[in-house]
Amino acid sequence: MSVWGWHDLDSLLNTKNIDNQSRASLGGTVLKAGNRHQLAEAMAEVRAAKHAADAEAADGTKVYAAVGAKKGRQSVDFGDGTSADVSAIDDADVVYKGKDGKVHVVEVKNTANATTQASMPAQAERLADWAAQDGANPPRAARYEIQTQQGWDRIFDGFQRDKKTGTTPPGTPAQTFADNGLTARVAGQDITPSQLTAMNDAWNAKSDAEKQAARDSGKMKDPKTAMEYLGVS
């Protein structure tokens with residue numbers, strides 16, 4: 001692990017408004033990573049939890065990580081008299097109550113390539129169903145967060161083939177996010193569902209040659225630059 005990676009992990013362990021068990025789980029996942037890809041994914045979750053704790057969580061509340069049905073923690077208590085049921089989500093990477101009063105669930109990916117997995121549409125639908133549950137109090141929101149800017153525009157490409165069924169889900173990650181009312185955050189920049197739809201349509205109306213030229217010239221280097229190129233605001 002790089003010096004910066006150790007710094008991030010040390011900072012996480014000293015962030016007291018992250019739930020103790022969550023800190024232990026995040027740290028353990030980093031230390032158990034078997035290769036650089038697993039390490040990168042684990043560190044992406046560490047950074048997302050740390051950012052939520054430092055900048056987005058409501059004052060006096062706890063931030064959680066690695067909770068949900070498959071993690072054995074089906075509810076979270078924010079410590080301010082409010083809680084949230086996360087039993088409908090298999091594995092919630094980060095959960096916090098924001099300054100906006102909403103409970104946020106964040107699905108963290110280190111790179112956009114991870115969003116092209118065939119399992120993603122079903123996961124996105126579960127997140128959307130959880131966020132839209134009638135009568136939820138506090139209200140809920142969910143998003144996908146992609147930490148690495150390089151190659152972020154793969155969210156506009158198609159999905160990978162499902163190795164078990166041999167089928168390929170229709171559409172793209174970007175359109176799947178949008179269809180489910182989910183925001184995407186790429187390297188710190190939020191892209192709304194309506195923006196995702198407009199960008200996806202504009203990008204996929206272009207020829208392969210036009211797409212490659214745009215990538216080569218830097219017109220898709222980050223979401224802001226891509227929006228300008230694609231005429232989306």
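Any value given below was found using the heavy atoms of this structure, including those in side chains, with hydrogens, waters and symmetry copies removed.
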- Item | Gap between atom OG of Ser22 and atom CD of Glu45 - 0.5 Å precision | 11.0 Å
- Message: Treating Asn180 as the side-chain partner and Leu182 as the backbone partner, does any N or O pair qualify as donor plus acceptor under 3.5 Å?
- Response: no
- Drop me the distance from His51's NE2 to Thr15's OG1, to the nearest 0.5 angstrom. 12.5 Å
- Mind jotting down which residue pairs meet the ring-ring contact (aromatic ring centres under 6.0 Å, His included) criterion with at least one end in residues 107-127? Sequence neighbours excluded, please. none
- Item | Short side-chain to backbone donor-acceptor contact, Thr29 and Ser25, under 3.5 Å | yes
- Query: Under the ring-ring contact (aromatic ring centres under 6.0 Å, His included) rule, what pairs show up with a residue in residues 76-118, not counting sequence neighbours?
  - Reply: Tyr96-His104
- Task: Using a cut-off of 6.0 Å, state whether more than 12 heavy atoms not belonging to Lys70 lie near its atom NZ.
- Result: no
- For Asp216 and Gln212, does a side-chain donor sit closer than 3.5 Å to a side-chain acceptor? yes
- Item | Under 3.5 Å: donor-acceptor pair, side chain of Lys109, backbone of Ile146 | no
What side-chain donor-acceptor pairs closer than 3.5 Å can you find for residues 223-232, not counting sequence neighbours?
{"unit_1": "Thr225", "atom_1": "OG1", "unit_2": "Asp222", "atom_2": "OD1", "d": "2.8"}
{"unit_1": "Thr225", "atom_1": "OG1", "unit_2": "Asp222", "atom_2": "OD2", "d": "3.3"}

- Message: With a 6.0 Å cut-off (strictly less than), is the heavy-atom count around NZ of Lys211, excluding the residue itself, greater than 12?
- Response: yes
- Close side-chain approach of Phe156 and Gln175, heavy atoms under 4.5 Å: no
- Any side-chain heavy atom of Phe159 sitting closer than 4.5 Å to one from Thr176? yes
- Item | CD (Gln74) with more than 12 external heavy atoms under 6.0 Å | yes
- Task: Hey, could you give me the CD/CD distance between Gln149 and Gln189, rounded to the nearest 0.5 Å?
- Result: 8.5 Å
- Side-chain donor/acceptor of Gln195 to backbone N/O of Thr192, under 3.5 Å: yes
- Can you tell me how far the OG1 atom of Thr61 sits from the CG atom of Asp59, to the nearest 0.5 Å? 7.5 Å
- Any pair counted as ring-ring contact (aromatic ring centres under 6.0 Å, His included), so long as it reaches residues 105-139, sequence neighbours left out: none
- Task: Scan residues 114-136 for pairs that pass salt bridge (charged side-chain N to carboxylate O under 4.0 Å, His left out), counting only residues two or more places apart or in two chains.
- Result: Asp90-Arg126
- Query: Would you call Asp19 and Arg23 a salt bridge, using N to O less than 4.0 angstrom?
  - Reply: no
- Query: Do Pro121 and Pro169 come close enough that some side-chain heavy atom pair is under 4.5 Å?
  - Reply: yes
- Listed by chain and number, what are the ring pair (Phe, Tyr, Trp, His ring centres under 6.0 Å) partners of Tyr64, not counting sequence neighbours? none
- Task: Taking all non-hydrogen atoms of both residues into account, name the closest pair between Gly181 and Pro193 and its distance.
- Result: C-CG, 3.7 Å
- Message: Hydrophobic clusters here meaning ILVMFWY residues chained together by side-chain heavy-atom distances under 4.5 Å, can you tell me if Val67 and Ile18 are in one?
- Response: no
- Heavy atoms of Lys97 and Pro138 approach each other most closely as CE-CG, 4.3 Å
- Report yes if the side chains of Asp93 and Val106 come closer than 4.5 Å at any heavy-atom pair, otherwise no. no
- Hey, quick one: are Val46 and Val105 part of the same hydrophobic cluster, counting side-chain heavy atoms closer than 4.5 Å, chains of contacts allowed? no
- Message: Any non-hydrogen side-chain atom of Glu145 less than 4.5 Å from a side-chain atom of Glu107?
- Response: no
- Task: Taking all heavy atoms of Tyr144 and all of Leu127, pick out the closest pair and write down the distance.
- Result: CE1-CD1, 3.7 Å
- How many angstroms lie between atom CG of Leu26 and atom CD of Gln21, to the nearest 0.5 angstrom? 11.0 Å
- Check step by step if side-chain contact (heavy atoms from CB on, under 4.5 Å) holds for Asn113 and Gln160. CA-CA 9 Å; Asn113 185 57; Gln160 300 175 42; 4.0 Å; yes
- Task: Would you check if there is a donor-acceptor pair between the side chains of Arg47 and Gln147 at a distance under 3.5 Å?
- Result: no
- Ionic contact status for Arg215 with Asp157, cut-off 4.0 Å: yes
- Exam field: side chain Asn110 to backbone Met43, donor-acceptor pair closer than 3.5 Å: no
- Query: Cut-off 3.5 Å, side chains only: do Asn200 and Thr172 have a donor facing an acceptor?
  - Reply: yes
- Item | Under 3.5 Å side-chain donor-acceptor pair for Asp162 and Thr167 | no
- Task: Work out which heavy atom in Asp77 is nearest to a heavy atom in Lys62; give both atom names and the distance.
- Result: O-CB, 4.3 Å
- Message: Other residues, nucleotides and ligands only: do more than 12 of their heavy atoms fall within 6.0 Å of CD on Glu56?
- Response: yes
- Task: Mind running side-chain contact (heavy atoms from CB on, under 4.5 Å) on Ile191 and Thr183 for me, showing each step along the way?
- Result: CA-CA 6 Å; Ile191 313 174; Thr183 296; 5.6 Å; no
- Item | Minimal non-hydrogen separation, Val108 against Ala48, with atom names | CG2-CB, 3.6 Å
- Query: When you check the side-chain N and O atoms of Asp85 and Ser87, is any donor under 3.5 Å from an acceptor?
  - Reply: yes
- Item | For the student: nearest non-hydrogen atoms of Val63 and Ala57, plus distance | CG2-CB, 3.7 Å
